[in-house]
Amino acid sequence: MTREDATRRHGQLAEQIRKHDYAYYVEAKPLISDAEYDALYDELRDLERRYPDLVTTDSPTQRVGGTPLPGFSPVTHRVPMRSLDNTYSVAELFAFVDRVERTLARETPSYVVEPKIDGVSISVVYRKGIFVQGATRGDGETGDEITANLRTIRALPLRLALRHPPELLEVRGEAYLPTKVFEDLNKEREARGEPLFANPRNATAGSLKQLDPRIVAQRPLSVIFYGAGEFEGVACESQERWLHLLAEAGLPSPSRYWLCRDKEDLAHAIAALDTFRKGLPYATDGAVVKVNEWRFYELLGSTAKAPRWAIAYKYGAERARTRLLRVVFQIGRTGVITPVAEMEPVFLAGSTVSRATLHNFDEIKRKGVRIGDWIYIEKAGEVIPAVIEVDRSARTGQEKEIEAPEECPACGTPLRWDGLFLRCPNPQCPGQLKGLIRHFARRHAMDIEGLGESLIHQLVDAGLIRDVADLYHLTLADLLPLERMGEKSGANLLSAIEGSKDRGLARLLFGLGILHVGETAAEALASRFGTIERLQNATPEEIERTSGVGPIIGQSVADYFGEAFNRQRIDRLRQAGVKMEAKRPTGQKRILQGKTFVITGTLSQPREEIAERIRQAGGKLTESVSRKTSFLVVGSEPGSKLMQARRLGVPEISEGDMERLLEGQIHGDEAP
Ligand code: IVH
């Protein structure tokens, strides 16, 4: 291929991939299969490897996330990023319309109604059609530069789809985590005992604050735009026109908006949007009503906080108003501190509540919550209510700031920041220990019936348990002096503890509460490594090669076993008789029953290890290829066995395929 050919082909490929990214990530209507897409992408990447000077900043290969940043640089918004005032009733909305029309006197504006996306405000700059900078809102005047993080978002075009792109185009909108992705993320976090994100907005904020863009690249964030910042070389006179312009440029924008002439139209639009928004892939918490004609904006003006030409209308969930009395700090098993509001009891959606989560300190700051405030709380799909908003009009000036604790309330160790969360780093913290025992005894972990909340407190506070391994050394004599403990309940508890020794490696791994290791990862690790010794001796790279386990879990597992304290815990559990092998599927046919494998070339794991795992799954690893061989596993630099297999028509599979077979994700009969 000549250089010109390469340049031409590079241009074609980049163009096609851009088109397919738009179809897939913005319109959710893919035009080709994943495999066809991958082929285009691989060709582009190979071409760039051969001709590195073809790599441009807007090439589709530049989304993978570069190197971690030392910190975020500040960006000054030349046009400030304002917020919106809220209304909660149609009457209040009409009052806004009256205000606008009074100010404009003889002229009558039209209005645009758009969904109010519950994401994180961003500003994105294109110069000559190329994405050059992205920033958060910050305080509205200055935000953080998050260009590298935004680059990983596939719905964000790195190049505008315009034949004649303007010199400068700054668009504003929201980064968000699709609702479905958010729900799955929180489910996983719950299973792993990690703190839940308050809402998709909070999860998005957490992702965008990552200094390592590679982590951001793993969270499927998306973007949507509705607003204008600075621009040059674009003519636009209305919000409606702007929304069209965004769409023409290939920028995702609201899929529907309503153009309204009067109050009646507005009331209809608000009602229609309330139905429509339920089908949207992102969370919305209201409607935004904007004066359509831009020429009126100057006259209408702005306050420091919000423009007078737009307003938000919030769709209400059931909420209650009460006083915030104090904030307590709860410690989870991973040491994360959750601020919890203690309030004057109030009736809300079927029950009286006196505690509500404040989620994390970022949320406290965002909402400006202070002790003594009148607050609104909601049960947002969760059982524990959440603090939604402060009633600022009820402030007396006596309210006190909520200070993040510097030391762990249970053990006094200085706390550390970990992203949005404050964490106690002391692995021996009694607060964490209680959380860990609670988790260890859970039904899906070691399933120890009768080990309830008050018993856990008593055992830890009395110094009977300093680690989960101590559970297995408890005697009836230890238990009898405890409150509400008789011979019978003591004996039952001991027998439940005894019974838990046989739950198998997967449930033990889950029960140990290793950061990021949920039930699924624990099962994958148990089936891949078989025994805790093998897992303990594995490098992070070996661990992350388990399917369903990425670099974050790999590193976290390796770190866990790197701690002498944890190794000691494992030794003590072993001495107490806790089983540390993976349970083999018993009874029915094992997954690889009757299958024989041959390996050619080099794989990433030792041969004996693979042989053992194949054996455990009921299969066999042999040396030479015959007609009876079920699969040839092809590693790097395969040898003559490959030719032999091809002659005999033996199916070839990769190491990855073999992993999936071993983990039962695909079955021997459907392997490629
Ligand atoms: S217009 C100066 N339109 O809601 C104009 N904002 O609560 C202000 N938001 O800061 C923004 N969807 O981050 C506008 N369709 C929409 C919106 C929207 C969500 C956000 C925006 C704003 C916040 C105010």
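Remember, it's 1-based here, ligands and their atoms both numbered in the order they're listed.
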Near Pro307, which atoms of ligand 1 are under 4.0 Å from a heavy atom of that residue? 2 (C)
May I ask you to identify the nearest protein heavy atom to atom 8 (C) of ligand 1, giving residue, atom name and distance to one decimal place in Å? Arg82 O, 3.5 Å
Nearest to atom 12 (N) of ligand 1, what protein heavy atom do you find, and at what distance? Ile117 N, 3.0 Å
Just to check, does Pro254 reach to within less than 4.0 Å of ligand 1 when the distance is taken from its heavy atoms? no
Tell me whether Thr87 contacts the main-chain N or O of Ala312 through its side chain, where contact means a donor paired with an acceptor under 3.5 Å. yes
Is the closest heavy atom of Ser83 to ligand 1 under 4.0 Å? yes
Do any nitrogen or oxygen atoms of Asn86 come within less than 3.5 Å of a nitrogen or oxygen of ligand 1? no
Nitrogen or oxygen atoms of Arg137 and ligand 1 under 3.5 Å apart: no
Does ligand 1 come near enough to Leu84 that some N or O of the ligand is less than 3.5 Å from an N or O of the residue? no
For atom 7 (O) of ligand 1, what's the nearest protein heavy-atom neighbour? Residue, atom name and distance, please. Lys116 NZ, 3.0 Å
Parallel, tilted or perpendicular: rings of Phe231 and Trp242 (30°, 60°): tilted
Would you mind running through ligand 1 and noting each atom that sits below 4.0 Å from a heavy atom of Ser121? 10 (O), 13 (O), 21 (C)
Ion pair check, Arg18 and Asp58, cut-off under 4.0 Å: yes
Got the closest protein heavy atom to atom 20 (C) of ligand 1, with its distance? Glu174 OE2, 3.2 Å
Is there a side-chain contact between Asn292 and Pro109 (heavy atoms, below 4.5 Å)? no
Quick one: look up the protein heavy atom nearest atom 11 (C) of ligand 1 and list residue, atom name and how far away it is. Tyr226 CE1, 4.0 Å
Can we call the ring centroids of Tyr22 and Tyr24 under 6.0 Å apart? no
For Arg82, does the CZ atom have more than 12 heavy-atom neighbours from other residues, nucleotides or ligands under 6.0 Å away? yes
Under 3.5 Å: N/O of Val288 near N/O of ligand 1: no
Starting from atom 3 (N) of ligand 1, which protein heavy atom do you reach first, and at what distance in Å? Lys290 NZ, 2.9 Å
For Glu114, counting its heavy atoms only, list the atoms of ligand 1 lying under 4.0 Å from any of them. 3 (N), 15 (N), 16 (C)
How are the rings of Tyr41 and Tyr37 set relative to one another: parallel (under 30°), tilted (30 to 60°) or perpendicular (over 60°)? parallel
Is it the case that over 12 heavy atoms from other parts of the model lie below 6.0 angstrom from the CZ atom of Arg261? no
Decide, yes or no, whether a salt bridge links Arg323 with Asp373 under the criterion of side-chain N to carboxylate O below 4.0 Å. no
Given side-chain hydrogen bond (donor to acceptor under 3.5 Å, both in side chains), test Arg63 with Thr152 step by step and report yes or no. CA-CA 4 Å; Arg63 294 197 188 264; Thr152 67; over 6 Å; no
